[in-house]
Amino acid sequence: MTDQKQVAHHYHSGQLLRRIADGCAALDLTPPISHDALAPVDEFHIGGRLATEPFVKALGLSPESRVVDFGCGLGGPARYVASATGAHVTGVDLTAEFVETGRALTEWTGLSDRVQLIEGSVLDLPLEAGSMDAAYMIHVGMNVADKLGIAREAKRVLRPGGIFAIYDVMQVGEGHMDYPAPWASTSDQSALETPQTYEAALRSAGFEVSDRIDRTEFAKQFFADLAAAQSRAEGPPPLGLHLVMGDDTALKVRHMVQNVEKGLIAPIEIHARLAV
């Protein structure tokens with residue numbers, strides 16, 4: 001069982017907003033800033049914006065949609081959803097620094113009227129029952145052992161027929177996992193599970209699972225392109241996930257790539273709909 005305080009500590013770094021502000025200054029970016037310009041630092045998942053775009057398109061959102069982002073982090077996907085679809089998004093995250101920084105970034109991008117970020121647990125969302133049309137979770141379940149609790153909370157806040165989409169790193173093989181990884185410093189902070197476990201939890205909560213998409217090949221190409229870009233660069237870019245992950249970013253990413261290459265983990269999408 002993962003401990004929420006340990007998980008929050010893993011992601012807390014201190015002075016995150018200042019580091020992002022410095023990165024923006026180095027690129028001559030001043031508010032108002034396009035949400036696209038922040039994507040290198042606020043899309044904290046495999047594939048970044050390249051993964052977010054098709055994932056969000058499949059949700060079929062409109063300006064009338066009300067959406068909840070389970071474990072929103074800095075709010076990058078939430079801001080993309082709001083900008084691309086016009087939907088109103090409420091993001092909830094356990095890490096106070098992520099929420100505080102994300103609120104500032106939302107103001108910088110002029111999206112505060114459509115994006116609200118709140119500190120809280122995905123197992124106890126500060127939202128009314130039946131208040132949301134759609135929900136999604138991107139690279140969050142690896143830190144939450146109670147997959148059934150996630151599914152039940154999604155069911156609680158969604159209206160009948162609402163969609164719940166998940167894009168997580170999931171366990172697909174047996175073997176020794178290398179840590180630290182981007183989502184956990186040690187195995188005690190990790191709650192990796194199989195796609196079958198996710199789907200069983202969703203069905204138990206009343207969802208109908210429609211799609212499971214394995215993004216392994218996409219991830220391998222993304223990692224290869226990232227490595228090639230880094231080899232050509234003289235140093236890290238002003239805005240990048242190293243600002244979020246800290247000094248051991250290279251080690252965390254290397255371990256994740258190794259675990260994918262060994263067939264232990266894979267980025268998987270699951271799409272489900274709440275029965276009417």
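Since this is a predicted model, take the numbers as computed values, not measurements.
Residue Leu117 is not grouped with residue Val140 when hydrophobic side chains (ILVMFWY) are merged at heavy-atom distances under 4.5 angstrom, including chains of intermediate members. In this structure, Ile150 is not a member of the same hydrophobic cluster as Leu148, with clusters built from ILVMFWY side-chain heavy atoms closer than 4.5 Å. Side-chain heavy atoms closer than 4.5 Å link hydrophobic residues (I, L, V, M, F, W, Y) into clusters, and following such links, possibly through other members, connects Leu27 to Leu17. Residue Val56 is not grouped with residue Leu111 when hydrophobic side chains (ILVMFWY) are merged at heavy-atom distances under 4.5 angstrom, including chains of intermediate members. Both Leu202 and Ile268 belong to a single network of hydrophobic side chains, linked directly or stepwise wherever heavy atoms of I, L, V, M, F, W or Y lie under 4.5 Å apart.
Atom CE of residue Met137 and atom CE of residue Met142 lie 9.0 Å apart, to the nearest 0.5 angstrom. Within the model, atoms OG1 of Thr109 and CG of Asp36 stand 10.5 Å from one another, a figure rounded to the nearest 0.5 Å. Annotation: the span from Gln196 atom CD to Ile270 atom CD1 amounts to 8.5 Å, rounded to 0.5 Å. Separation of atoms CG (Leu243) and CG (Asp42) is listed at 11.0 Å; rounding is to 0.5 Å. Rounding to the nearest 0.5 Å places OH of Tyr80 at 12.0 Å from CZ of Phe55. In this structure, CG in Asp211 is found 10.5 Å from CZ in Arg273, a value given to the nearest 0.5 Å.
With hydrogens and angles ignored, the 3.5 Å screen pairs a side-chain donor or acceptor of Ser121 with a backbone N or O of Leu123. Proximity of a side-chain donor or acceptor of Thr101 to a complementary backbone N or O of Glu97 within less than 3.5 Å is detected. Between the Asp214 side chain and the Thr216 main chain, a donor and an acceptor come within less than 3.5 Å of each other. Using a distance-only test at 3.5 Å, with no hydrogens or angles considered, a donor-acceptor pair links the side chain of Glu153 to the main chain of Leu125. Side chain of Asn143 to backbone of Gln189: a donor-acceptor contact under 3.5 angstrom is found. For Arg66 (side chain) and Met132 (main-chain N/O), no donor-acceptor pair under 3.5 Å exists by modelled atom type. The main-chain N or O of Ala181 is never found under 3.5 Å from a side-chain atom of His255 such that the two would form a donor-acceptor pair. Between the side chain of Thr197 and the backbone N or O of Glu193, no donor-acceptor pair lies under 3.5 Å. In this structure a side-chain-to-backbone donor-acceptor pair under 3.5 Å is present from Asp93 to Gly73. The backbone N or O of His35 lies less than 3.5 Å from no partner atom in the side chain of Arg79, so there is not a single donor-acceptor pair.
Using a 4.5 Å heavy-atom cutoff, the side chains of Pro40 and Leu241 are not in contact. Between Phe44 and Pro182, some side-chain heavy-atom pair lies under the 4.5 Å cut-off. Side-chain contact between Leu274 and Lys155: present, with at least one pair of heavy atoms (C-beta onward) separated by less than 4.5 Å. Within the 4.5 Å cutoff, no side-chain heavy atoms of Leu264 are placed close to those of Val172. Between Met177 and Ser187 the shortest side-chain heavy-atom distance does not fall below 4.5 Å. Annotation: side chain of Val89 is not in contact with side chain of Gln116 (no heavy-atom distance under 4.5 Å). Leu192 places none of its side-chain heavy atoms less than 4.5 Å from the side chain of Met170. Annotation: side chain of Ile163 is in contact with side chain of Leu59 (closest heavy-atom distance under 4.5 Å).
Heavy atoms only, all atoms of each residue included: Gly91 and Cys72 are closest at C-SG, 3.5 Å. Of all the heavy atoms in Cys24 and Leu239, the pair that sits closest is N-CD2, 4.0 Å. Scanning all heavy atoms of the two residues, the minimum distance from Gly141 to Lys147 falls at O-NZ, 3.0 Å. Nearest heavy atoms, Val157 versus Leu127: CG1-CB, 4.1 Å. Nearest heavy-atom pair, Leu61 versus Ala134, reported as atom, atom and distance to 0.1 Å: CD2-CB, 3.7 Å. Minimum heavy-atom separation, Ala154 to Phe207: CB-CZ, 3.9 Å.
In the model, His271 has no side-chain atom that pairs as donor or acceptor with a side-chain atom of Ser210 under 3.5 Å. In summary, the side chains of Glu64 and Ser62 do present a donor paired with an acceptor at a separation below 3.5 Å, with no hydrogens or angles considered.
For Glu100 and Arg103, the salt-bridge test fails: no basic side-chain N is under 4.0 Å from an acidic carboxylate O. In summary, Glu43 and Arg49 engage in a salt bridge, as defined by a charged side-chain N under 4.0 Å from a carboxylate O. The pair Arg152-Asp146 fails the salt-bridge criterion, with no side-chain N (NZ, NE, NH1 or NH2) lying under 4.0 Å from an Asp/Glu carboxylate O. Taking 4.0 Å as the cut-off between side-chain N and carboxylate O, Arg215 and Glu269 count as a salt-bridged pair. Using a 4.0 Å cut-off between charged nitrogen and carboxylate oxygen, Glu53 and Lys57 do not count as a salt-bridge pair.
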* Decide yes or no on side chain to side chain contact (heavy atoms under 4.5 Å, CB included) for Asp133 and Leu158, but give the supporting numbers first. => CA-CA 6 Å; Asp133 300 298; Leu158 283 172; 5.9 Å; no

* Asked: Please walk me through it: do Lys262 and Asp178 pass side chain to side chain contact (heavy atoms under 4.5 Å, CB included)?
  -> CA-CA 11 Å; Lys262 290 189 293 186; Asp178 294 312; 3.2 Å; yes

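Checked against salt bridge (charged side-chain N to carboxylate O under 4.0 Å, His left out), Arg254 has no partners two or more places apart in sequence or in another chain.
Atom CG of Asp113 has more than 12 heavy atoms from other residues, nucleotides or ligands within 6.0 Å.
The aromatic rings of Tyr179 and Trp183 sit perpendicular, their planes meeting at an angle over 60°, well past the 30° parallel limit.
Of the options Ile20, Leu38, Val99, a side chain to side chain contact (heavy atoms under 4.5 Å, CB included) to Leu74 is made by Ile20 and by none of the others.
Listed by first then second residue, pairs satisfying ring-ring contact (aromatic ring centres under 6.0 Å, His included) with a partner in residues 83-140 read Tyr11-Phe98, His45-His139, His139-Tyr167, not counting sequence neighbours.
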